[in-house]
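Because only heavy atoms are used, hydrogens play no part in the values below, and waters and symmetry mates are left out as well, while side chains stay in.
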Amino acid sequence: MKKVIVLGATSAIAQSTVQLLAARGASLYLVGRNPERLQATATEARVKGAPSVHTETLDLDDLAQHEALVERAATALGGLDGALLAHGILGNQEAAQRSYTEAEKVLRTNFLSAVSLLTPLANRFEAQKAGTLVVISSVAGDRGRQSNYVYGASKGALSIFLQGLRNRLARSGVAVVTVKPGFVDTPMTADMKKNALFATPDKVARGIVRAADARKDEVYLPGFWGPIMFAIRGIPERVFKRMKL
């Protein structure tokens, strides 16, 4: 990926990935909500070696802006051959249980805004018969758990959407990479008690770049989450529903 739009560029995982892409000489169009953090990310990317870095401050929940955003990025970079969707919110499960409005916020950011962005990106890459779409989903989408099923539903829906998109675009030579991180030590998980299952953003970023290079279909990061989630998916529902997870 040499001309890449990064959506949610100020997230911890995206920031680490941006620096790796910059060091490889990628030109970047960085999009995020926080202008100060966005400029800091851009400055670091330039220091790392990115030949061209553009920024745009935008709330990606504003779906009406997405098509024009993709056009602006393509114009600024002289084309696009890669995209990283890294924006998302954890939300509050208890609040979402009490209020549909709170649940909708999670679904809108994590699923609907991703679909809205992926539609013009996929159409562009399909027309040019080249490109790599890298999208951060989550292991939480593999099975609904009482502790975070609204967040899990948003990521599960996203993963299913990406499966269909991958099936559609395979004939056009476009890669769709679903990234499923487990626990990552980021500001989003600041209130969670840390344990040995937590990975650093840098480790996840390295896995993202490797997966993009290899045009993987789906990757768990770190890799040990693959067998963990295989085992969790295999638990019979009659047993699973009695577990406190």
Look at the side-chain heavy atoms of Ile, Leu, Val, Met, Phe, Trp and Tyr, link any pair under 4.5 Å apart, and say whether L84 and V115 land in one connected group.
no

May I ask you to say whether R143 pairs ionically with E237, meaning some side-chain N is under 4.0 Å from a carboxylate O?
yes

Minimum heavy-atom distance V176-R166, with the two atoms named
O-NE, 2.8 Å

Do F161 and I136 sit in one hydrophobic cluster, given that two such residues count as connected whenever their side-chain heavy atoms are within less than 4.5 Å of each other, even indirectly?
no

How long is the straight-line distance from CG of L118 back to CG of N123, given to the nearest 0.5 Å?
10.5 Å

Look at atom CD of E94 and say whether more than 12 heavy atoms of other residues, nucleotides or ligands are closer to it than 6.0 Å.
no

Is any side-chain heavy atom of E71 less than 4.5 Å from a side-chain heavy atom of R124?
yes

Taking the side chain as every heavy atom from C-beta outward, state whether F183 and V139 have any atom pair closer than 4.5 Å.
no

Without placing hydrogens or testing angles, list every side-chain donor-acceptor pair under 3.5 Å for residues 216-227, not counting sequence neighbours.
unit_1	atom_1	unit_2	atom_2	d
E218	OE1	K180	NZ	3.3
Y220	OH	D142	OD2	2.5
Y220	OH	R233	NH1	3.1

Any donor-acceptor pair under 3.5 Å from Q128 side chain to L80 backbone
yes

Can you tell if the side chain of N92 reaches within under 4.5 Å of the side chain of E102, non-hydrogen atoms only?
no

So which heavy atom on T178 is nearest to which on S137, and how close?
CG2-CB, 4.0 Å

Pair E126 + R171: basic N to acidic O under 4.0 Å
no

Spatial distance of atom CG (L133) from atom CZ (F125) [nearest 0.5 Å]
5.0 Å

Would you give the length of the straight line joining atom CD of E104 to atom OG1 of T101, rounded to the nearest 0.5 angstrom?
6.5 Å

Is there a path from I13 to L21 through hydrophobic residues (I, L, V, M, F, W, Y) whose side chains come within less than 4.5 Å of each other?
yes

Minimum side-chain heavy-atom gap L60-L69 below 4.5 Å
yes

Does the N148 side chain pair with the main chain of Y151, one donor and one acceptor, at a distance under 3.5 Å?
no

Within one Ile-Leu-Val-Met-Phe-Trp-Tyr cluster: V4 and V18, side-chain cutoff 4.5 Å
yes

Hey, what do you get for CG (L117) to CD (E67), rounding to the nearest 0.5 Å?
10.5 Å

Would you check if there is a donor-acceptor pair between the side chains of Q97 and Q93 at a distance under 3.5 Å?
yes

Just by modelled atom types, is the V174 backbone N or O under 3.5 Å from a matching donor or acceptor in the S172 side chain?
no

May I ask whether I89 and L85 are part of the same hydrophobic cluster, defined by side-chain heavy atoms of I, L, V, M, F, W, Y residues being less than 4.5 angstrom apart, directly or through others?
no

Once rounded to the nearest 0.5 Å, what's the spacing between atom OG1 of T119 and atom CG of L165?
8.0 Å

Tell me the closest heavy-atom pair linking K3 and G78, and the distance in Å.
NZ-O, 3.0 Å

Donor-acceptor list for residues 22-35 side chains, cut-off 3.5 Å, not counting sequence neighbours:
unit_1	atom_1	unit_2	atom_2	d
R24	NH1	D213	OD2	2.9
R24	NH2	D213	OD1	2.7
R24	NH2	D213	OD2	3.3
Y29	OH	E56	OE1	2.6
N34	OD1	E36	N	3.1
N34	OD1	R37	N	2.9

Just to verify, which of Q65, H66, R108 counts as forming a side chain to side chain donor-acceptor pair (under 3.5 Å) with S116?
H66

Side chain to side chain, L112 and L107, heavy atoms closer than 4.5 Å:
no

Pairs where residues 77-90 contributes a residue and the test side-chain hydrogen bond (donor to acceptor under 3.5 Å, both in side chains) is met, not counting sequence neighbours:
H87-S113

Write down the atom of M1, the atom of G82, and the distance for their closest heavy-atom approach.
SD-CA, 3.6 Å

How long is the straight-line distance from CG of L38 back to CD of Q15, given to the nearest 0.5 Å?
9.5 Å

Ignoring hydrogens, what is the shortest heavy-atom contact between A212 and V177? Give both atom names and the distance.
CA-CG2, 4.5 Å

Looking at every non-hydrogen atom in both residues, tell me the closest pair between A96 and V150 and how far apart they are.
CB-CG2, 3.8 Å

